[in-house]
Amino acid sequence: MSRATIKDNEVDIVIGALRSDLTSFLNGWRSVFSQFHLIIVKDPDLKEELKIPDGFNLTVYTKTDIDQIVGSTALSFSGYSCRYFGFLVSKRKYIISIDDDCFPAKDNKGIFVDAMAQHIENLTTPATPFFFNTLYDPYREGADFVRGYPFSLRNGVDCALSCGLWLNLADLDAPTQALKPGLRNNHYVDAVLTVPRTTLMPVSGINIAFDREALGPALFPALKLAGEGKVRWETMEDIWCGMCVKVVCDHLGLGVKSGIPYVWRKDRGNAVESLKKEWEGVKLMEEIVPFFQSLSLSRTAATAEECVVEMATTVKQHLGTAHPVFGRAADSMVEWVRVWKAVGSKSS
Amino acid sequence: MAAAADHAKPAPPLKDELDIVIPTIRNLDFLEMWRPFFEPYHLIIVQDGDPSKTIKVPEGFDYELYNRNDINKMLGPKASCISFKDSACRCFGYMVSKKKYVYTIDDDCFVANDPSGKSINALEQHIKNLLAPSTPFFFNTLYDPFADGADFVRGYPFSLREGVPTAVSHGLWLNIPDYDAPTQLVKPLERNQRYVDAVMTIPKGTLFPMCGMNLAFDRELIGPAMYFGLMGDGQPIGRYDDMWAGWCVKVICDHLGLGVKTGLPYIWHSKASNPFVNLRKEYKGIFWQEEIIPFFQSATLPKDCTTVQKCYIELSKQVKEKLSKVDPYFDKLADAMVTWIEAWDELNPPKPLLKLSNGTAK
C-alpha cells in the first residue's frame with residue numbers, strides 16, 4: 001500500500017514546558033525534531049526562564065503571549081493545559097505532542113524509534129474502526145487484511161488521532177503505581193491498531209498526534225481536578241479530552257489508532273503522594289464512562305466545533321446537575337470553541 | 001524427599017479439563033513436533049473424507065477418532081448439519097467432547113519460536129488467556145492488563161477492572177498468514193514475520209474474522225455457538241466455517257457478557273493452500289459477506305435469551321428471516337443451526353440434579 005507523503009511543513013511539534021531546562025530533552029530528540037517547526041509553550045506557573053539549546057526551528061510562547069492572544073477568558077492554561085495553547089496557535093495540519101520528560105525509545109532490535117515518523121505514518125494511512133483486523137494495522141509493511149474481512153470496509157477512514165505508548169514509566173494511575181512501585185513497562189509491542197467505533201479508551205496526552213484540521217477544538221482539557229498538579233498522576237484532563245475526542249471521531253467517521261510509537265518516559269514523581277489528589281479523578285471517571293458510552297450526537301453536528309458545542313450542552317444537562325465540576329467543564333468547552341473560532345481556526 | 005520435590009514438574013495445566021480437537025484428511029505427522037506440549041492431553045481426531053482410509057495417530061497419544069461413519073451412526077439424520085470434505089467437520093469434535101475447554105488446531109500448524117528463539121507452548125498461552133478475565137467494555141491501551149508486567153492504565157474505570165469471564169482465545173500465525181484468495185493471489189510471497197507480543201480483548205460491539213487454525217474456547221461458556229456451518233461437499237461455499245462461527249460467537253458473547261481475546265499465542269503455519277481453489281470456494285462468500293456483516297452488526301438478542309442455546313436458536317430465526325433473501329443457502333444453514341443445537345443437547349444432556357438426604361435437590 002502506498003502511503004501519502006506529507007511535507008515537514010505540514011507538521012507542528014507542540015511541547016508544553018513544565019520544567020524550565022529543556023536542554024537534555026531537546027538534545028535527546030534533536031535528530032528527529034530538527035526538521036520540524038516546534039511550538040514551545042511555557043507553563044504560565046513556571047517562574048524560571050526557559051533554557052533551550054540552539055539549532056531548532058521554534059517559536060516560544062509564554063504567559064504574556066497567552067494572555068495577549070487569548071484575551072479575557074475563564075480558561076486556564078496552567079500545567080499540562082499549556083500545550084493546548086500551542087494547538088490553538090498552530091497553523092499546520094498535523095500536530096505531534098509529547099511530554100517534556102519523554103525521550104526516544106528503542107525497539108526490540110535495539111534501534112531508536114523515530115516517533116515522529118511513526119505518528120505521521122499512523123495519521124496518513126487509513127484507520128479501520130468498523131471491523132477488527134486480527135493482524136492489526138493492515139496498512140503496515142508485511143501485513144494486510146485477513147480472510148473474512150469485508151471488502152467494502154477495506155478502504156478505511158481517515159485517521160484523526162494517533163495515541164502512542166511509553167516504555168519504562170507507563171501511564172498508570174497513582175493507586176496502581178503506588179501498589180507496584182517497581183512496575184516498569186519493558187514490553188515493546190510491535191503493533192498499532194484502530195480502536196473500534198463505539199469503544200472508549202483512556203487517551204494519554206503523554207505521546208499523541210492528531211489532525212488539527214479535522215479535530216480542531218475537540219481536544220481541550222475541560223475537566224480540571226481541584227488539586228491538579230504537575231505530574232500526570234495528578235491530572236485527568238487528557239482522559240476527559242480523550243473521551244470527547246473519541247465520541248467526536250466516531251460520530252464524524254474518523255479513526256483513532258493506538259500502539260506504536262513508544263517513547264521512553266523518565267522516572268519521576270511519587271505515586272503515594274499523588275494518591276490523595278488522584279482519587280477525585282478516579283471517582284469522577286465512574287460517572288463519566290456510562291455518560292460517554294451512551295452519548296450520541298445529532299446528525300446536524302457535522303464539524304468538530306459543532307460536536308463539541310452539542311456535547312457541552314449534554315454534559316451540562318446530564319452531568320452538570322450532579323457535580324459542579326462537570327458544569328464548569330461544559331462551560332470551558334463552549335468557551336474553548338469561542339476562543340478557537342476567534343484565534344485558532346485560521347490555517348495557512 | 002526434598003530432592004524428588006526439586007525435580008517434580010508442575011502438572012500440565014487443565015490436563016483433565018481440556019480436549020484438543022484436530023480435523024484431518026491427510027495424516028497427523030505434525031503431532032510429533034507438538035508432542036512435548038500435547039502428549040499429556042486427550043485428543044479428539046475428526047477424520048474427514050474417505051472413512052475407509054486409516055489415519056495413523058503417532059504412538060503415545062491418548063485419543064478418540066471419529067470418521068464419517070461414526071458421525072452418521074452417532075447423530076443419525078442430524079448428521080446432516082456436519083460438513084463433509086471440509087475442516088468445518090471439526091465442530092463434531094466440540095460436540096462429543098466431555099471437557100470444559102477445547103483447543104483446536106490445523107494439521108499444517110507447527111510450533112513457532114518467539115523472538116528469543118524459544119519454542120512457544122501455544123496451549124499453555126491459550127490456557128492463560130482463558131483463565132484470566134477479559135475487558136470488553138473499555139479498551140486498555142497496554143493491552144491485556146492481566147499479563148505479566150502489565151496493568152490497567154490511568155483513566156481506566158475501576159468499576160470495570162474485574163473484567164468478565166473469557167470464552168474464546170484466538171491465536172495467530174507466523175509464516176503463511178490467513179489471507180483470503182484475492183489477497184493471496186496479489187501477494188503470494190508475503191509472510192507474517194511480525195511477532196506482536198500482546199493479547200487483547202476484542203471490544204463489545206465489534207466483530208472480527210475468527211480463524212479456526214489456532215483457537216481455544218470454554219466449551220461450557222460458549223460451546224453450542226461454535227457451530228462451523230455447512231461447508232464443503234454439496235455446499236455453495238467454503239472457507240467461511242470459522243468466520244460464520246466467529247460472528248455468531250461474538251454476538252452471543254457480547255449479549256451474555258463474555259469476553260473474546262485475540263493475539264498470542266503464535267503457531268507456525270506451514271502450508272499455503274492453492275489460491276485458485278480457495279477463490280472458487282470463497283467466491284460467493286466474498287459477496288454474501290457484504291450482507292452478512294451488517295446483519296450481524298445489527299443483530300440483537302432479547303433479554304430472555306439467557307443461555308447460549310437460546311441465543312443460538314434465536315439467531316437462527318433471524319438468519320432465516322433476514323438472510324434467506326440473499327440466497328436459499330441461508331435457509332438451509334438456519335435449519336442446520338437448529339439441528340446442531342438439537343444434536344448438541346442430545347449428546348450433552350444437562351447434568352442430573354443431586355438429591356441430598358433431606359430430599360432437597362442440589
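Convention: sequence-line order gives letters A, B, ...; per-chain numbering from 1.
B:Pro177 is not listed as a side-chain neighbour of A:Val146, based on a closest heavy-atom distance of 4.5 Å or more. Taking 4.5 Å as the limit, every side-chain heavy atom of B:Thr141 sits out of range of all side-chain heavy atoms of A:Val203. Annotation: side chain of A:Val289 is in contact with side chain of B:Phe138 (closest heavy-atom distance under 4.5 Å). Between A:Gln177 and B:Asp151, every side-chain heavy-atom pair lies at or beyond the 4.5 Å cut-off.
For the set A:Asn133, A:Val195, A:Asp190, the count of heavy-atom pairs under 4.5 angstrom toward chain B peaks at A:Asp190. In terms of heavy-atom pairs under 4.5 Å with chain A, the best-connected choice from B:Tyr240, B:Phe287, B:Trp173 is B:Trp173. Interface remark: of the candidates A:Ser258, A:Ser204, A:Ser152, A:Ser152 forms the most heavy-atom pairs closer than 4.5 Å to chain B. Of the listed residues B:Pro203, B:Gly285, B:Gly263, B:Cys211, the one with more heavy-atom pairs under 4.5 angstrom with chain A than any other is B:Pro203. Taking B:Arg194, B:Met200, B:Lys204 one by one and counting their heavy-atom pairs under 4.5 Å with chain A, the maximum is reached by B:Arg194. Ranked by heavy-atom pairs shorter than 4.5 Å toward chain A, the options B:His170, B:Arg239, B:Met210, B:Gln193 are led by B:Arg239.
In this view, A:Phe132 satisfies the ring-ring contact (aromatic ring centres under 6.0 Å, His included) rule with no residue, not counting sequence neighbours.
Heavy atoms closer than 4.5 Å to chain A are found in both the backbone and the side chain of B:Ser159. If you measure heavy-atom distances from B:Ile293 to chain A, the contacts under 4.5 Å come from the side chain alone. Heavy atoms of B:Tyr143 lying under 4.5 Å from chain A belong exclusively to its side chain. Both the backbone and the side chain of B:Pro157 have a heavy atom closer than 4.5 Å to some heavy atom of chain A. With a threshold of 4.5 angstrom between heavy atoms, B:Pro115 does not approach chain A through any atom at all. Neither the backbone nor the side chain of B:Gln184 comes within less than 4.5 Å of any heavy atom of chain A. In this structure, chain A has no heavy atom under 4.5 Å from any part of B:Ala181. Contact of B:Glu190 with chain A is made through the side chain alone, with heavy-atom distances under 4.5 Å.
Using a cutoff of 4.0 Å between basic side-chain nitrogens and carboxylate oxygens, A:Asp144 and B:Arg191 are not scored as salt-bridged.
For A:Val189 against B:Asp197, the heavy-atom pair with the smallest separation is CG2-O, 3.4 Å. When all heavy atoms are compared, the tightest approach of A:Phe151 to B:Ile286 is CD1-CG2, 3.9 Å. The shortest heavy-atom contact between A:Pro196 and B:Thr206 is CB-OG1, 3.1 Å. When every heavy atom of B:Val196 is checked against every heavy atom of A:Ala191, the shortest pair comes out as CG1-CB, 3.5 Å.
One finds the CZ atom of B:Phe208 at 13.5 Å from the OH atom of A:Tyr149 (value rounded to the nearest 0.5 Å). Note that CG of A:Leu172 is 6.5 Å distant from CG of B:Leu142, once rounded to the nearest 0.5 Å.
A 6.0 Å sphere centred on OH of B:Tyr283 holds no more than 12 heavy atoms belonging to other residues, nucleotides or ligands.
The side chain to side chain donor-acceptor pair (under 3.5 Å) with A:Arg147 is formed by just one residue from the set B:Thr183, B:Asp178, B:Asn278; it is B:Asp178.
Identified under the ring-ring contact (aromatic ring centres under 6.0 Å, His included) test for residues 253-277 of chain B, with sequence neighbours left out: B:Tyr195-B:Tyr266.
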